[in-house]
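Structure first, then comments.
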Amino acid sequence: ESQDFLDRFQARIDAEEKIEPTDAMPEGYRRTLVRQIGQHAHSEIVGMLPEGNWITRAPTLRRKAALLAKVQDEGGHGLYLYSAAETLGVSREEMTEELHSGKAKYSSIFNYPTLSWADIGTIGWLVDGAAIMNQIPLCRCSFGPYARAMIRVCKEESFHQRQGYEIVMTLARGTPEQKAMAQDSLNRWWWPALMMFGPHDADSEHSDQSMKWKIKRFSNDELRQKFIDATVPQAEFLGLTVPDADCKWNEEKGGYDHGPIDWSEFWRVVKGGGVMNRDRIRDRKAAWEKGEWVRDAALAHAEKRRARKMA
Ligand code: FAQ
């Protein structure tokens, strides 16, 4: 790749032009997007599992219908994202193989177990809340198919966040036992939710280049701060407390300070040592194998239609 080519590409990015799949692009740009979009897709698909765990145990029909719809939406997000990645010349099979072999990551958050019904509320509130913070700027990502996919995804995440917050609100205003269940859930999910934004900027390997290419519009720490600032008042409104003694309003910076994040836990979970890592990959592999006949049937059907058209 000549310097001239790289400069011309950067000029298009700087001019806020969208890059489309058929455009010439640096190999590093393509690779970064395949990595990020692929991992984002895997997160949506693996993210169906912790919540799927509670569909049969939702406390009312209304809660069950909403949860079912949410989990289905996540499946849909995964499919948009795999399609967006496929425009960059990687196949769905290759991406799936990388997930199953452990080569491709998915969000650390989905390696924590959903122990109580309150966790379904907390996931909607915190995990979808964090996902929205991260994904709204991705609607302006320089790569067209990813940016466009994010618009609908964000609308749906917004519904997910509200349904979660409403579950937690119902529990927080319920019996002392229900409120305690909500607090226990917040205690377990708060730190893992902060870790979703990735390592501190100084330790974030890809940030500089991704910001330059306008794949990322904000750094990991900037988004984490925005999330904390939006979420702490929501917890206060519910009468719940975030499990961080150092979490205090800082007038000077106009945001909340927070205590140290346990990065050794983060890396342990990312590298496979979380409570649910093994189960998640086992379940995804089983689903892929059990679905093989469906893929085969769809291919055979498409082949028949094609042959009929040719005749
Ligand atoms: N978990 O240099 P950076 C959802 C890895 S929301 C695991 O900072 P980058 C919706 C990172 O990949 C969740 N790994 O990397 C939902 C890299 O390793 P690599 C999904 C993490 O890419 C809600 C290394 O650390 N959202 O699914 C994590 O510039 C509820 C160095 O990090 C997205 O994927 C982590 N938390 O920034 C579904 C959003 N953080 O790849 C169901 C799109 C970092 O070299 C229920 N992705 N790593 O092997 C992004 O915005 C970025 O990729 C970041 C990381 C911000 C996640």
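In each ligand, atom 1 is the first atom listed, and ligand 1 is the first ligand listed. Computation of the quantities below employed the complete heavy-atom set of this structure, encompassing side-chain atoms and omitting hydrogens, waters and symmetry-equivalent molecules.
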Notebook entry, point to check: Quick one: which ligand 1 atoms are inside 4.0 Å of a heavy atom on Val127?
Noted result: 23 (C), 30 (C)

Note to self: I need the nearest protein heavy-atom contact for atom 39 (C) of ligand 1: residue, atom name and distance, please.
What the structure shows: Asn134 OD1, 3.1 Å

Check: Got a salt bridge between Arg306 and Glu303, using NZ or NE/NH1/NH2 to carboxylate O under 4.0 Å?
Finding: yes

Next item on the list: Give a yes or no answer on whether the side chain of Ser158 reaches the backbone of Cys154 with a donor-acceptor pair at less than 3.5 Å.
Entry: no

Next item on the list: Name the option, out of Arg217, Met196, His160, that contains the heavy atom nearest to atom 57 (C) of ligand 1.
Entry: Met196

Note to self: Suppose I only count heavy atoms of Tyr106 and a 4.0 Å limit; which atoms of ligand 1 are within that range?
What the structure shows: 1 (N), 7 (C)

Checklist line | ligand 1 to Lys105 polar contact by distance, N or O atoms, under 3.5 Å | finding: yes

Margin query: I need the Ser185 OG to Ile123 CD1 distance, nearest 0.5 Å.
Written below: 7.5 Å

Next item on the list: Could you name the option among Tyr146, Phe266, Phe110, Phe197 that has the heavy atom nearest to atom 43 (C) of ligand 1?
Entry: Tyr146

Item checked: Reported CZ-to-CG distance for the pair Arg31 and Leu33, which is rounded to 0.5 angstrom -> 11.5 Å

Next item on the list: May I ask whether Met48 places a heavy atom under 4.0 Å from ligand 1?
Entry: no

Check: Are any of the N/O atoms in Arg35 less than 3.5 Å from those in ligand 1?
Finding: yes

Notebook entry, point to check: Any N or O on Ser210 sitting closer than 3.5 Å to an N or O of ligand 1?
Noted result: no

Note to self: Between ligand 1 and His77, can you find any atom pair, the residue atom being a heavy atom, that is separated by under 4.0 Å?
What the structure shows: no

Next item on the list: Would you please classify the geometry between the Phe197 ring and the Phe227 ring as parallel, tilted or perpendicular, with 30° and 60° separating the classes?
Entry: tilted

Item checked: Under-4.0 Å salt bridge between Arg148 and Glu20 -> yes

Next item on the list: Go through ligand 1 atom by atom and flag the ones less than 4.0 Å from a non-hydrogen atom of Pro199.
Entry: 8 (O), 32 (O), 44 (C)

Next item on the list: Begin with the C-alpha distance, continue with both residues' side-chain angles, and end with the deciding distance and a verdict on side chain to side chain contact (heavy atoms under 4.5 Å, CB included) for Glu265 and Met195.
Entry: CA-CA 9 Å; Glu265 171 178 326; Met195 293 173 196; 4.0 Å; yes

Check: So does Arg8 pair up with Glu17, basic N to acidic O under 4.0 Å?
Finding: no

Item checked: Numbering as shown, the atoms of ligand 1 that approach Glu51 to under 4.0 Å (heavy-atom distance) -> 46 (C)

Check: What protein heavy atom is closest to atom 13 (C) of ligand 1, reported as residue, atom name and distance in Å?
Finding: Ser107 CB, 3.7 Å

Check: In terms of atom number and element, which parts of ligand 1 are under 4.0 angstrom from non-hydrogen atoms of Asn220?
Finding: 8 (O), 56 (C)

Check: Looking only at N/O atoms, are Ser108 and ligand 1 under 3.5 Å apart anywhere?
Finding: yes

Check: Quick one: nearest non-hydrogen protein atom to atom 3 (P) of ligand 1, plus distance?
Finding: Ser204 OG, 3.4 Å

Margin query: I need the nearest protein heavy-atom contact for atom 27 (O) of ligand 1: residue, atom name and distance, please.
Written below: Ser43 CB, 3.5 Å

Next item on the list: Below 4.0 angstrom from a heavy atom of Met195, which ligand 1 atoms are there? Numbered from 1 as shown, please.
Entry: 36 (N)

Next item on the list: In plain terms, say whether Arg152 and Glu156 are close enough for a salt bridge, that is, a side-chain N and a carboxylate O under 4.0 Å apart.
Entry: yes

Next item on the list: Considering only non-hydrogen protein atoms, determine which one is nearest to atom 45 (O) of ligand 1 and report residue, atom name and distance to 0.1 Å.
Entry: His206 NE2, 2.6 Å

Next item on the list: Closest by any non-hydrogen atom to atom 38 (C) of ligand 1: pick that one out of Glu44, Lys271, Gln209.
Entry: Glu44

Check: With the threshold set at 4.0 Å, does a side-chain nitrogen-carboxylate oxygen contact exist between Glu74 and Lys70?
Finding: yes

Next item on the list: Could you check which of Glu156, Met211, Glu157 puts a non-hydrogen atom nearest to atom 10 (C) of ligand 1?
Entry: Glu157

Note to self: If we set the cut-off at 4.0 Å for heavy atoms, which region of Pro50 has an atom near ligand 1: side chain, backbone, both, or neither?
What the structure shows: neither

Notebook entry, point to check: Rounded to the nearest 0.5 Å, how far apart are CE of Met133 and CZ of Phe218?
Noted result: 10.0 Å

Check: Counting from 1, what ligand 1 atoms have a heavy atom of Gly198 closer than 4.0 Å?
Finding: 40 (N), 44 (C)

Notebook entry, point to check: Hey, are Arg224 and Asp221 close enough for a salt bridge, meaning a charged N less than 4.0 Å from a carboxylate O?
Noted result: yes

Check: Judging by distance only, is a nitrogen or oxygen of Glu205 under 3.5 angstrom from one on ligand 1?
Finding: yes

Next item on the list: Check whether Val46 and Val127 end up in the same hydrophobic cluster, where Ile, Leu, Val, Met, Phe, Trp and Tyr are linked by side-chain heavy atoms less than 4.5 Å apart.
Entry: yes

Check: Can a salt bridge be assigned to the pair Asp229 and Lys226 using a cut-off of 4.0 Å between side-chain N and carboxylate O?
Finding: no

Next item on the list: Out of Met150, Gln161, Gln39, indicate the one that has the non-hydrogen atom closest to atom 12 (O) of ligand 1.
Entry: Gln39

Notebook entry, point to check: Got a donor-acceptor contact below 3.5 angstrom from the Gln225 side chain to the Glu222 backbone?
Noted result: no

Next item on the list: Using a strict 4.0 Å threshold on nitrogen-to-oxygen distance, state whether Arg35 and Glu205 make a salt bridge.
Entry: no

Next item on the list: Please verify whether a non-hydrogen atom of Trp267 lies at under 4.0 Å from ligand 1.
Entry: yes

Notebook entry, point to check: Lys70 near ligand 1, heavy-atom distance under 4.0 Å?
Noted result: yes

Notebook entry, point to check: What is the nearest protein non-hydrogen atom to atom 37 (O) of ligand 1, stated with its residue, atom name and distance?
Noted result: Lys216 NZ, 3.0 Å

Next item on the list: Could you tell me the residue and atom name of the protein heavy atom closest to atom 6 (S) of ligand 1, and the distance to it rounded to 0.1 Å?
Entry: Ala131 CB, 3.6 Å

Next item on the list: Starting from the C-alpha separation in whole Å, work towards a yes-or-no answer on side chain to side chain contact (heavy atoms under 4.5 Å, CB included) for Asp184 and Arg188.
Entry: CA-CA 6 Å; Asp184 168 66; Arg188 285 181 290 108; 3.2 Å; yes

Next item on the list: Look at atom 26 (N) of ligand 1 and say which protein heavy atom is nearest, naming residue and atom and giving the distance to 0.1 Å.
Entry: His40 CD2, 3.6 Å

Checklist line | Residues Lys212, Asp208: salt bridge by 4.0 Å N-O rule | finding: no

Notebook entry, point to check: Would a search of protein heavy atoms around atom 23 (C) of ligand 1 find one under 4.0 Å away?
Noted result: yes

Checklist line | Ligand-side contact atoms (ligand 1) for residue partner Val270, heavy atom cut-off under 4.0 Å | finding: 7 (C), 14 (N)

